[in-house]
Amino acid sequence: EVQGSFIPQQFTQEGAMVLASSYRSASECGGDFWGHYVIAPNTHMLLVGDATGHGLPAALVTAIAYATGHLCSKLPQATASDFITPAMVLNLLNKALYDSLKGKLCMTFFACIIDTKANSMVYSNGGHPFPFIIPHNPNDPRLKTGKRKAKPYIVLSDIKKNGPPLGFDLHSLYQNSQEEFLPGDRMIMYTDGIVECFNPEQKQWGSRNLEKSLQKNLNLSPVLFRDQIMSDMEDFRDSTPLPDDATLVVIASDLKEAA
């Protein structure tokens, strides 16, 4: 019950930001965490992380992540909008985890700050699965083109700035990257439990099936989009026990509110 209070509601809307999420725990105490904080007008901080292992040790890591994100979000708004960056959050959490656990447990982590008025996103990644951005415009110049047909999504994979998982090394450094986030765009954050589930034949769902589900359902509303991706995953695993916690978060910029 206490850990459940760390996870936001399955659906919420704050101004132009719409969020629909799903969380499945592989054990009584889960190791996944995600958070959403309004840190200044039109400015949203989004976090997602996955602790190593299950049970109480993993739950301790998520509690530290929650506390770090919560404290950062409680800075005065005038200070937060100028001071907080995703890389700063990752650096603080890395230090908190290392100081507390001395490298015995770690956590992959992704943080971003979206300004729905400036249509901008700043993000930082510590070994976490790369989120997807689906532009509202199918002809968006951000979509890669070439001999093959462009996929309808962008993978946030700034390899040169992608850092290691948090908690292993006190001296790890994390950097910021930038991307547009336009009205009508949506982003998909997830933990690796989504793609690492198995079916009764012990075949893994995998990233390819996730991407197929994204493409098949991208015209649905954020809630139905979330529901159908999770349904595709559940149909595949056919009640096979989850080997890891599975979290999916759909973030959308509402066209009317952001206009």
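Residue Thr43 holds its OG1 atom at 10.5 Å from CD1 of Ile84, rounded to the nearest 0.5 Å. Separating the CD1 atom in Ile114 from the NE2 atom in His36 is a distance of 8.5 Å, to the nearest 0.5 Å.
The side-chain heavy atoms of Thr85 and Val89, taken from C-beta on, include no pair separated by under 4.5 Å. In this structure the side chain of Leu19 reaches within 4.5 angstrom of the side chain of Met17, judged on heavy atoms. When side chains are defined from C-beta on, Leu156 counts as touching Met187, because their heavy atoms get closer than 4.5 Å. Between Val249 and Arg226 there is no side-chain heavy-atom pair separated by less than 4.5 Å. Contact check for Phe225 versus Ile188: side-chain heavy atoms found under the 4.5 Å cut-off. Between Arg186 and Ser253 the shortest side-chain heavy-atom distance does not fall below 4.5 Å. Counting heavy atoms from C-beta outward, Asp245 and Asp50 have side chains that stay 4.5 Å or more apart. The side-chain heavy atoms of Leu60 and Thr62, taken from C-beta on, include no pair separated by under 4.5 Å.
Side-chain contact check for Ser22 and Arg24: at least one donor-acceptor pair (N or O, by modelled atom type) lies under 3.5 Å. A side-chain donor from one of Asp32 and Thr191 sits under 3.5 Å from a side-chain acceptor of the other. For the residue pair Tyr23/Gln10, the side-chain donor-acceptor check at 3.5 Å is not satisfied.
In this view, Asn199 and Glu201, Lys203, Phe236 satisfy the side chain to side chain contact (heavy atoms under 4.5 Å, CB included) rule, not counting sequence neighbours. Judged as a side chain to side chain contact (heavy atoms under 4.5 Å, CB included), and not counting sequence neighbours, the contacts of Gln204 are Glu196, Phe198. When the ring-ring contact (aromatic ring centres under 6.0 Å, His included) test is applied to Phe130, no partner is found at least two apart in sequence or on another chain. For Asp140, the salt bridge (charged side-chain N to carboxylate O under 4.0 Å, His left out) partners two or more places apart in sequence, or in a different chain, are Arg142. Remark: Asp244 engages no residue in a side-chain hydrogen bond (donor to acceptor under 3.5 Å, both in side chains) (not counting sequence neighbours). Residues meeting the salt bridge (charged side-chain N to carboxylate O under 4.0 Å, His left out) test with Asp232, sequence neighbours left out: Lys216. Among residues two or more places apart in sequence or in another chain, the side-chain hydrogen bond (donor to acceptor under 3.5 Å, both in side chains) test is passed with Ser21 by none.
Sorted by first then second residue, the salt bridge (charged side-chain N to carboxylate O under 4.0 Å, His left out) pairs that include residues 152-168, not counting sequence neighbours, number zero.
Listed by chain and number, the hydrophobic cluster partners of Val18 are Phe11, Val223, where partners are ILVMFWY side chains within reach of under 4.5 Å, directly or through others. Cluster partners of Tyr98 are Leu170, counting Ile, Leu, Val, Met, Phe, Trp and Tyr whose side-chain heavy atoms approach within less than 4.5 Å, directly or via other members. Taking Ile, Leu, Val, Met, Phe, Trp and Tyr as hydrophobic and joining them when side-chain heavy atoms fall under 4.5 Å apart, one finds Val122 isolated, its cluster having no other members.
Hydrophobic clustering, with ILVMFWY side chains joined whenever heavy atoms are under 4.5 angstrom apart, keeps Ile133 apart from Leu214. Note on Phe33: it does not cluster hydrophobically with Ile194, by side-chain heavy-atom contacts below 4.5 Å among ILVMFWY residues. Residues Phe132 and Met233 share a single hydrophobic cluster, defined by chaining ILVMFWY side chains whose heavy atoms lie under 4.5 Å apart. In the hydrophobic clustering of ILVMFWY residues, with side-chain heavy atoms under 4.5 Å counting as a link, Met189 and Ile229 come out apart.
Although no hydrogens or angles enter the test, the distance criterion places no donor-acceptor pair under 3.5 Å between the side chain of Tyr174 and the main chain of Leu92. Within the 3.5 Å criterion, the main-chain N or O of Gly15 finds a donor-acceptor partner in the side chain of Gln13. No donor-acceptor pair under 3.5 Å is formed between the side chain of Asn119 and the backbone N or O of Glu180. Within the 3.5 Å criterion, the main-chain N or O of Leu224 finds no donor-acceptor partner in the side chain of Asp227.
The number of heavy-atom neighbours closer than 6.0 Å to CD of Gln202, taken from other residues, nucleotides and ligands shown, is above 12.
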Which pairs of donor and acceptor atoms, one on a side chain in residues 101-113, lie under 3.5 Å apart (sequence neighbours left out)?
unit_1	atom_1	unit_2	atom_2	d
Lys102	NZ	Asp99	O	3.1
Thr108	OG1	His128	ND1	2.8

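Among the candidates Val250, Ile154, Leu218, Asn219, the single residue satisfying the side chain to side chain contact (heavy atoms under 4.5 Å, CB included) test with Ile134 is Leu218.
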Evaluation steps, side-chain hydrogen bond (donor to acceptor under 3.5 Å, both in side chains), between Glu211 and Tyr153:
CA-CA 9 Å; Glu211 292 181 31; Tyr153 51 80; 2.3 Å; yes
Before giving the answer on side-chain hydrogen bond (donor to acceptor under 3.5 Å, both in side chains), spell out for Asn217 and Ser213 the whole-Å C-alpha distance, their side-chain angles and the decisive distance to 0.1 Å.
CA-CA 6 Å; Asn217 301 303; Ser213 185; 3.2 Å; yes
Carefully, step by step, assess Val61 and Leu97 under the rule side chain to side chain contact (heavy atoms under 4.5 Å, CB included).
CA-CA 7 Å; Val61 174; Leu97 289 172; 3.8 Å; yes
Would Arg237 and Trp205 count as a side chain to side chain contact (heavy atoms under 4.5 Å, CB included) if you check the C-alpha gap in whole Å, the side-chain angles of each, and the deciding distance to 0.1 Å?
CA-CA 8 Å; Arg237 75 182 185 97; Trp205 198 44; over 6 Å; no
